[in-house]
> 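Structure provided below as structure tokens; questions to follow.
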Amino acid sequence: MSLIDKTFSPADFEQRWYAHWETVGAFRPERPDAQPYTIIIPPPNVTGSLHIGHALDNTLQDVLIRWHRLNGRDARWVVGTDHAGIATQMVVERQLADSAQGTTRQQMGRAAFLETVWDWKRSSGDTITRQLRRLGASCDWANERFTMDEGFNTAVTRVFVKLFNEGLLYRDKRLVNWDPKFKTAISDLEVETREVAGTFTHIRYPLADGVKLADGRDHIIVATTRPETMLGDTAVAVNATDARYTSVIGKFVELPITGRRIPIVADDHADPELGSGAVKITPAHDFNDFEVGKRQGLAMINILDADARIIAAEGVPASYVGMDRFDARKQVVADLEALGLVELIETKTIQMPYGDRSGVVVEPWLTDQWYVNAGELAKPALAAVKSGATQFVPKTWEKTYFNWMENIQPWCVSRQLWWGHRIPAWYGPKITDHEGLKTDISSGDNHFFVAETEAEAIAQAVAYYGAKVGKVEVAASAFDVLRLTLDEARETGTSSTVHIYRDEDVLDTWFSSALWPFATLGWPENTADLARHYPGDVLVTGFDIIFFWVARMMMQGIHFMDDVPPFKTVYCHGLVRDAKGQKMSKSKGNTVDPLLLIDKYGADALRFTLTAMESQGRDIKLDEKRVEGYRNFATKLWNAARFCQSNGISASKSAQPPAANHPVNRWIIGEVAKTARGLEAAIAAFRFDSYADISYGFAWNRFCDWYLELTKPMLAEGADPDIAAETRAVSGWALDQILVMLHPVMPFLTEELWHKLGQRGHDLIVAEWVPADLPDDAAASADIEWLIGIVSEVRSARTELNVPPGAKLGYSVEGADTATAERLTANAAAIERLARIVPATTPATGGRLQLVHADATYALPLEGIIDLDAERARLAKAQATAVKERDSLAGRLASPGFTEKAKPEAVEKAREDHAARSAEAERLGAALARLG
RNA sequence: GGGCGCGUAGCUCAGCGGUAGAGCACUGCCUUCACACGGCAGGGGCCACAGGUUCAAACCCUGUCGCGCCCACCA
């Protein structure tokens, strides 16, 4: 216990307390018999640094974790970081490029590059976890995980192999979204559609063999936003019902520039209502056309390489080869114009697919990739939410989830990157009869072995080849998983030496993230942690990753954890925007750095702000003024504690309230109880804003503004020593409860004050929550509410009539019953102090200030001091208000519909209000009459 | 083209069947022995608009207008 400093300076103690908590293991106290409460953190990218969205997400989680820890639960916040495939590889590649040597990963080779990434991770990967500590996040750091640590790798491999063996994961050749910048496939979700100004080029395709359309024209018009794709066209589709074209179905067009003849086919994809009704078909570079191509058995001509440059495909003029797609686009249009085949070029807004990380236009590209049969896994994940086993809060997100899950597409999980979980598949030459062995990954003419370990893959290979060719010997040198290239394998021809190599690709980062809720707890081992902490109680995350992450965790969790979904509740919060409501982005320069806010106002103030602004179903517009306001609140609390300390108030002995006789003390105990119950309800309903409002209102507007003020005379010199002692005890207890109640949101400040106020047996972080069943004394409550009312009335009237604030006035009372008279006597000291009025020796007669409160009228003699006209006006206004409300209530009560149909409580309340308003109006009328 | 959300005091938002609330901002007074990052008192709202349901609507229903977001292969 030490003296509380005059100034509140959060930087002085925040980091000290955090280090203390972590050192003593306070984030995860031993509570083997307690009911577990588990939250798994959305693992931040290891490349990341704390942005305001993290601050929100983690503040909310910490509020929940700390609250449940205070409530006796075995609270565990599972923490770790995500390897973030593309993002991390990008960071390291950029560093390599910027380094003195200026090297690339290709130059380094895979092994050396990966070693560099790991080095980077070891040296810089803890930035964000250090920042989470600044925020106060009480995570279980002792068991921190990484999505590429050894255990995770085991889990990922197990999942891959198991899904493969179950037929839920397969290799397929189809169109993928190809990112030419990163040179990898990406999933549908990683593609974002942007509206851009583009052109829509209408091209004439000349009909071959002198064929003419019904209207006599010798060409078909097709339109495209990507003219260069015409180099890969293999058909023109028309609708079989379209009279304009029926005569040419089965005929051909001369594909310009390429000199190829391509068929005119009938397909429902062509909509007679749109454009010319005819569509160019490029099966290798358009998702719709791919489907048409499969239906019609068309050739698929790939015209692009991995960099999206034109290749020497069939019919592509040599001048195009090696040309960038956008240059090729211009060239195609120029060439067509030269041929007189451009019908029209429209300028219009078009939808273009971009890679969400690379920011370049993605290309549909035909490749072999690994896919997860998401449609199958989605079924139980959908059912789990439908049945309520997992609930979304706010509920509205369930619809979004359903809609996506019901229309889910195969999930492309392979990525042509190096940083990530390498796919546990090995390829060897596919055996074809009489041709010996032939190896070719790009043609798909190979056989693959999916296994958890290399040894197992070899065993499979031995079995496979052994069955076909008899005796197989595996030489260690022959089994080269890293160095053997495709071409070397091809050269092996019919040799009896079989080379097997491992898939070069890695898995989508989200493939491993999807296992986070159980792989972090030791799966696939059957650990005690897993049994105790799966499923998690609540997942707190932004709605923007419902598809990326939540849905996939649901799918994998249910599939691998015996049909138990990974969370009971999914709480989705909104985005943090700037004060104007704009999305924060680095390019706009409107980002708010949470660490700067912490430096300036303290972590508690930032946390309180984010908590207070988190109302369900809405984005947060963050204004620094709010943070400042809640810093002021922190200061207020600091000063209140300082005041208490200087008045001999200190740590309470017990979480149970001290015995109290005085109404003020009995009242505040009841108020603490009400507040605690309100906060419990707020947590149960995930109403973070409500938690902040209730705790703020109680601490400031009840405890500081009234309780501390009302008890000042009770602590003053000359006051009853018994009452003073009781008041000190109750004050200390109430202040402790405030610290407990605010701790989840403002952990640093409250812990600091907790210890400053006295010797404690334990830290606040592991204290007990406000006890249930606190006495709630209705009589004491009525007494104090009455007192607050009378003081407020007097102060209001004084201000309105410009009575000098310091002037102490005598009052006389009329109409007071015994109870009121007793209250006036019992609270005389408080009334004198706060309203500056004392009982008059003689009743007021002349000019006076009159006020009506409850059942009595009070008169303050102010002859010559106040303006009587002003007083008349004040009373008249009050009376008018009372009359208006009285009449309105009377009107309602007079309506038969109301008394017959309304709920009895509503009728009863209207009657009571009406009576009270009538009496008030009457008394105000009498007061006016007295003034003359 | 589907789906979702929002429009309440100057600003940011609660309230979601019984005739309007908070914080900030604003105005006046107060250098009162915890706090001026404070105290006390106050002004300010046809709850977007139009219909409907109801004894009663900011709150429920329908439509309109504005704003935002998500999903979707109109070539």
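In the text below, chain A, chain B and the rest are named by the order of the sequence lines, each starting its count at 1.
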> What stem regions, each of at least 3 consecutive Watson-Crick or G-U pairs below 3.5 Å, can be found for RNA chain B?
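RNA chain B forms these stems: B:1-7 with B:65-71, B:10-13 with B:21-24, B:26-30 with B:38-42, B:48-52 with B:60-64.
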> So A:Leu742 and A:Tyr696, do their side chains get closer than 4.5 Å, heavy atoms only?
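A:Tyr696 does not reach A:Leu742 side chain to side chain.
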> Expressed in whole Å, how much space separates the C1' atoms belonging to B:rU32 and B:rG43?
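These two C1' atoms come out 26 Å apart once rounded.
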> Looking for any heavy atom pair under 4.0 Å, which part of the strands does A:Asp705 touch: base, sugar-phosphate only, or nothing?
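Sugar-phosphate contact only.
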> Counting only side-chain heavy atoms from C-beta out, which of B:rA34, B:rA75, B:rA14 sits nearest to A:Thr225?
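Nearest listed nucleotide: B:rA75.
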> Quick one: which of B:rC37, B:rC73, B:rA14 gets closest to the side chain of A:Ser615?
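Taking heavy atoms from C-beta onward, the closest nucleotide is B:rA14.
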> Side chain of A:Glu709, heavy atoms from C-beta onward: which of B:rA14, B:rC35, B:rA75 has the nearest atom to it?
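Closest of the options to the side chain of A:Glu709: B:rC35.
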> Using the C1' atom as the reference point in each nucleotide, state the distance between B:rC61 and B:rU54 in Å, no decimals.
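These two C1' atoms come out 12 Å apart once rounded.
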> Just call it for A:Ala640: base, sugar-phosphate, or nothing, with non-hydrogen atoms closer than 4.0 Å on any strand.
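If one applies the 4.0 Å heavy-atom cut-off, A:Ala640 turns out to touch a base.
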> Indicate, with a heavy-atom threshold strictly under 4.0 Å, whether A:Arg795 touches base, sugar-phosphate, or nothing.
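Sugar-phosphate contact only - A:Arg795 comes under 4.0 Å of backbone atoms but never of a base.
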> Please tell me if A:Lys625 has a side-chain N or O lying less than 4.0 Å from either OP1 or OP2 of B:rC24.
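It does not, given that no N or O in the side chain of A:Lys625 lies less than 4.0 Å from OP1 or OP2 of B:rC24.
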> At 4.0 Å (heavy atoms only), tell me whether A:Cys644 reaches a base, stays on the sugar-phosphate, or touches nothing.
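Touches nothing.
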> For atom C1', what is the distance between B:rA56 and B:rG18, given to the nearest Å?
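The answer is 6 Å between these two C1' atoms.
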> Check A:Tyr601, A:Phe608, A:Trp700 against A:Tyr630 for a ring pair (Phe, Tyr, Trp, His ring centres under 6.0 Å) and give me the one that passes.
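Per the ring pair (Phe, Tyr, Trp, His ring centres under 6.0 Å) rule, the option paired with A:Tyr630 is A:Phe608, out of A:Tyr601, A:Phe608, A:Trp700.
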> Taking atom P in both B:rG3 and B:rG38, compute the distance separating them and give it to the nearest angstrom.
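After rounding to an integer number of Å, I get 49 Å for this pair.
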> Mind checking if A:Ser646 touches a base, just sugar-phosphate, or nothing, with heavy atoms under 4.0 Å?
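Answer is nothing: A:Ser646 stays at 4.0 Å or more from every strand.
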> Just to confirm, is there a sub-4.0 Å distance from OP1 or OP2 of B:rC71 to any side-chain nitrogen or oxygen of A:Asn407?
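Indeed not, no polar side-chain atom of A:Asn407 lies that close.
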> Verify the contact: side-chain N or O of A:Lys6 to OP1 or OP2 of B:rC35, cut-off strictly under 4.0 Å; return yes or no.
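For B:rC35, OP1 or OP2 has a side-chain N or O of A:Lys6 closer than 4.0 Å.
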> Describe the nucleic acid contact of A:Glu800 in one word from base, sugar-phosphate, nothing, applying a heavy-atom distance below 4.0 Å.
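Answer is nothing: A:Glu800 stays at 4.0 Å or more from every strand.
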> By the 4.0 Å heavy-atom rule, please label A:Gly629 as base, sugar-phosphate, or nothing.
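It contacts nothing in the nucleic acid.
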> Suppose you measure atom C1' in B:rC60 against the same atom in B:rC16; what distance do you get, rounded to whole Å?
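Here B:rC60 and B:rC16 have their C1' atoms 9 Å from each other.
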> With C1' as the reference atom in both, quote the distance from B:rG7 to B:rC47 in angstrom, rounded to an integer.
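B:rG7 and B:rC47 have their C1' atoms separated by 10 Å.
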> So if I take every side-chain heavy atom of A:Lys901 and compare against B:rA75, B:rA34, B:rC55, which nucleotide ends up nearest?
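The answer is B:rC55.
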> Any Lys/Arg nitrogen of A:Glu398 or A:Lys395 sitting under 4.0 Å from an Asp/Glu carboxylate oxygen of the other?
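Yes, A:Glu398 and A:Lys395 are salt-bridged.
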> Base, sugar-phosphate or nothing for A:Lys712? Non-hydrogen atoms, less than 4.0 Å.
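Base: the residue A:Lys712, judged by heavy atoms under 4.0 Å, touches a nucleobase.
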> Would you indicate which nucleotide in B:rG5, B:rG23, B:rG18 comes nearest to any side-chain atom of A:Thr396?
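Output: B:rG5.
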> Where the side chain of A:His269 is defined as all heavy atoms beyond and including C-beta, which of B:rC13, B:rG18, B:rA75 is the nearest nucleotide?
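Nearest to the side-chain atoms of A:His269, counting from C-beta on, is B:rA75.
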> So, is A:Trp700 near the phosphate of B:rC37, with a side-chain N or O under 4.0 Å from OP1 or OP2?
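Answer is no, no contact under 4.0 Å.
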> Using a strict cut-off of less than 4.0 Å between a Lys/Arg side-chain nitrogen and an Asp/Glu carboxylate oxygen, indicate whether A:Arg226 and A:Asp286 qualify as a salt bridge.
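Judged by the 4.0 Å cut-off on N to carboxylate O distance, A:Arg226 and A:Asp286 do form a salt bridge.
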> Check every strand shown and say whether A:Gln351 touches a base, only sugar-phosphate, or nothing at a heavy-atom separation below 4.0 Å.
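Counting heavy atoms under 4.0 Å across all strands, the contact made by A:Gln351 includes a base.
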> Can we say A:Glu793 and A:Arg798 salt-bridge, meaning some charged N sits less than 4.0 Å from an Asp/Glu carboxylate O?
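No, this pair does not count.
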> Identify the residue among A:Phe392, A:Trp397, A:Phe688, A:Phe543 that makes a ring pair (Phe, Tyr, Trp, His ring centres under 6.0 Å) with A:Tyr571.
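Of all the options given, the one that passes is A:Phe688.
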> For the side chain of A:Ser796, starting at C-beta, report the closest nucleotide among B:rA41, B:rA34, B:rA75.
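The answer is B:rA41, which lies nearest to the side chain.
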> Salt bridge check, A:Arg626 against A:Glu628: does any charged N sit closer than 4.0 Å to a carboxylate O?
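No, this pair does not count.
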> When only distance counts, do a donor and an acceptor, one from the side chain of A:Gln616 and one from the base of B:rA14, lie under 3.5 Å apart?
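No.
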> Using a cut-off of strictly less than 4.0 Å, decide whether A:Arg798 has a side-chain nitrogen or oxygen near OP1 or OP2 of B:rG42.
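Result: no.
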> Would you tell me if any nitrogen or oxygen in the side chain of A:Thr400 comes within less than 4.0 Å of OP1 or OP2 on B:rC4?
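Answer is no, no contact under 4.0 Å.
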> Looking at the side chain of A:Pro805, which of B:rC29, B:rC35, B:rA75 is the nearest nucleotide?
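Of B:rC29, B:rC35, B:rA75, B:rC29 is nearest to the side chain of A:Pro805.
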> Is there a side-chain polar atom (N or O) of A:Arg618 under 4.0 Å from OP1 or OP2 of B:rA14?
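Yes, A:Arg618 has a side-chain N/O under 4.0 Å of OP1/OP2 on B:rA14.
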> Looking only at side-chain N and O atoms, does A:Lys636 come under 4.0 Å of OP1 or OP2 in B:rC37?
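A:Lys636 to B:rC37 OP1/OP2: no side-chain N or O under 4.0 Å.
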> Categorize A:Asp271 for me: base, sugar-phosphate, or nothing, with a 4.0 angstrom heavy-atom threshold over every strand shown.
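Here A:Asp271 touches the bases of the nucleic acid.
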> How would you label the contact of A:Arg836 with the nucleic acid (heavy atoms, under 4.0 Å): base, sugar-phosphate, or nothing?
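Nothing, no nucleic acid heavy atom in range.
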> State whether the distance check finds a donor on one side and an acceptor on the other, under 3.5 Å, for side chain A:Ser895 versus base B:rC55.
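No such pair is found, so the answer is no.
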> Given B:rA72, is OP1 or OP2 found less than 4.0 Å from the side-chain N or O atoms of A:Thr193?
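The answer is no; no side-chain N or O of A:Thr193 sits under 4.0 Å from OP1 or OP2.
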> Which whole number of Å gives the distance between the C1' atom of B:rA36 and that of B:rG17?
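44 Å, rounded to whole Å.
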> Output yes when a side-chain donor or acceptor of A:Ser731 lies under 3.5 Å from a complementary backbone atom of A:Thr727, and no otherwise.
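Yes, the answer is positive, given that a donor and an acceptor are paired below the 3.5 Å cut-off.
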> Test your reading of the model: is there a side-chain donor-acceptor pair from A:His285 to the backbone of A:Ile303, 3.5 Å cut-off?
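Flag set: sc A:His285 to bb A:Ile303 pair under 3.5 Å.
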> Using atom C1' of each nucleotide, how far apart are B:rG28 and B:rG66 to the nearest Å?
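Between the two C1' atoms, the distance is 39 Å.
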